[in-house]
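Comments concern the structure below.
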Amino acid sequence: MCGRFVLVADPNQMVLEFGLSGVPVVPANYNVAPTQVLPVILNEAPDTVSQARWGLMPSWAKDLSMSAKMINARSETVDEKPAFRAAFKRRRCVIPASGFYEWQTRDDGKKYPMYIHLTDREVFGFAGLWEVWHSPERDDLRTCTILTTAANAFMKPIHERMPVILSRENYGDWLAAEDVPAPVLKPLLRGYDPDKMTAHEVSRNVNRAGFSSPDMIAPLPSLPRLL
DNA sequence: CCAGACGTTGTT
DNA sequence: GTCTGG
DNA sequence: CCAGACGTTGTT
DNA sequence: GTCTGG
């Protein structure tokens with residue numbers, strides 16, 4: 001799963017990684033949490049950075065409470081589920097990230113946050129879906145979700161699921177404007193190359209949504225300091 | 001026919 | 001335990 | 001994902 | 001909106 005991530009990227013690197021036409025303004029966020037509005041690249045406008053709230057609202061949803069449940073979509077079933085299949089056909093997006101958190105459950109039954117990122121580059125893209133929700137009161141709201149897949153060999157010891165990290169050469173296919181058959185899209189939704197990933201334990205202050213600090217991705221000292 | 005769900009993860 | 005909010 | 005609430009009545 | 005369950 002992926003319920004928390006980090007986006008701290010040099011805007012010029014964003015331009016290069018995603019082929020943007022202008023330099024985006026992307027505030028550093030060391031603790032992106034569900035329900036927050038975040039920078040996304042929609043297939044509707046693939047050379048610019050747009051904004052969307054994390055938690056996909058299907059078009060028929062009555063109120064925002066639905067949104068918090070829809071932060072992830074299983075790539076194995078995303079073309080079938082009523083909540084996601086329409087977006088899978090026509091509203092795909094790439095969600096820029098520089099790393100993500102997973103909580104590892106250890107033998108003591110407690111959960112320890114780990115920070116996972118790529119060793120060879122600063123920023124990458126999650127595979128995502130988006131929708132427009134026509135709110136009764138406010139303006140139309142764009143919402144999004146992150147696809148997940150089975151853990152690759154690197155992630156297995158940490159967690160059984162992981163977010164779909166797109167390879168750079170697949171951004172174009174994923175962001176095609178038209179309908180693309182599911183058999184063409186689904187092979188893009190696989191685990192990333194395990195040899196290109198790295199991870200370390202981080203402080204539990206990441207647990208608290210709404211706080212963001214560079215400390216959050218700092219490696220935790222391996223032993224508690226006694227004296 | 002109408003009513004109610006529509007999701008994922010993890011744990012059992 | 002389960003739901004809501006961030 | 002985690003944290004925090006989870007309720008009503010009456011009074012300020 | 002569309003599917004499932006009663």
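Note on naming: letters A, B, ... go to the chains in the order of the sequence lines (proteins, then strands), and numbering restarts at 1 for each one.
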Test item: [X] side-chain N/O and [Y] main-chain N/O as donor-acceptor pair under 3.5 Å:
| X | Y | result |
| --- | --- | --- |
| A/R190 | A/L166 | no |
| A/S98 | A/V8 | yes |
| A/N31 | A/V206 | yes |
| A/W174 | A/G128 | yes |
| A/H134 | A/S59 | no |

Atom-to-atom span, [atom1] of [X] to [atom2] of [N] - whole angstrom:
| X | N | atom1 | atom2 | value |
| --- | --- | --- | --- | --- |
| A/R208 | C/dG6 | CZ | P | 14 Å |
| A/Q104 | D/dC2 | CD | P | 13 Å |
| A/E131 | B/dG7 | CD | C1' | 14 Å |
| A/F5 | C/dG6 | CZ | C1' | 14 Å |
| A/W54 | D/dC1 | CH2 | C1' | 7 Å |
| A/R161 | B/dT8 | CZ | P | 9 Å |
| A/M162 | D/dC1 | CE | C1' | 16 Å |
| A/Y115 | D/dC1 | OH | P | 19 Å |

Determine the interatomic distance between [atom1] on [N] and the same-named atom on [M]; round to the nearest Å.
| N | M | atom1 | result |
| --- | --- | --- | --- |
| C/dT4 | D/dT8 | P | 15 Å |
| D/dG10 | C/dT2 | P | 33 Å |
| B/dG7 | D/dC1 | C1' | 14 Å |
| D/dC2 | B/dT12 | P | 16 Å |

According to the Watson-Crick and G-U wobble definition with distances under 3.5 Å, which dot-bracket string, read 5' to 3', encodes DNA chain E, using [ ] for crossing pairs and | for pairs with another strand?
||||||

Working for side chain to side chain donor-acceptor pair (under 3.5 Å), residues A/N29 and A/Q36
CA-CA 11 Å; A/N29 192 340; A/Q36 289 181 5; 3.2 Å; yes

Applying ring-ring contact (aromatic ring centres under 6.0 Å, His included), run through A/F5 and A/Y101 and close with a yes or a no.
CA-CA 6 Å; A/F5 68 95; A/Y101 300 104; 9.1 Å; no

State plainly whether the residues A/R161 and A/E76 are in salt-bridge range, i.e. N to O under 4.0 Å.
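Yes, A/R161 and A/E76 are salt-bridged.
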
Between A/E17 and A/R168, does at least one N-O distance fall below 4.0 Å, as a salt bridge requires?
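Salt bridge between A/E17 and A/R168, a charged N being under 4.0 Å from a carboxylate O: yes.
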
Under 4.0 Å, heavy atoms only, any strand: does A/T148 hit a base, just the sugar-phosphate, or nothing?
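Sugar-phosphate, no base atom in range.
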
Under 4.0 Å from any atom of DNA chain E, heavy atoms only: list the residues of residues 55-90 of chain A that qualify, in numerical order.
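Under 4.0 Å from DNA chain E: A/W60, A/R85.
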
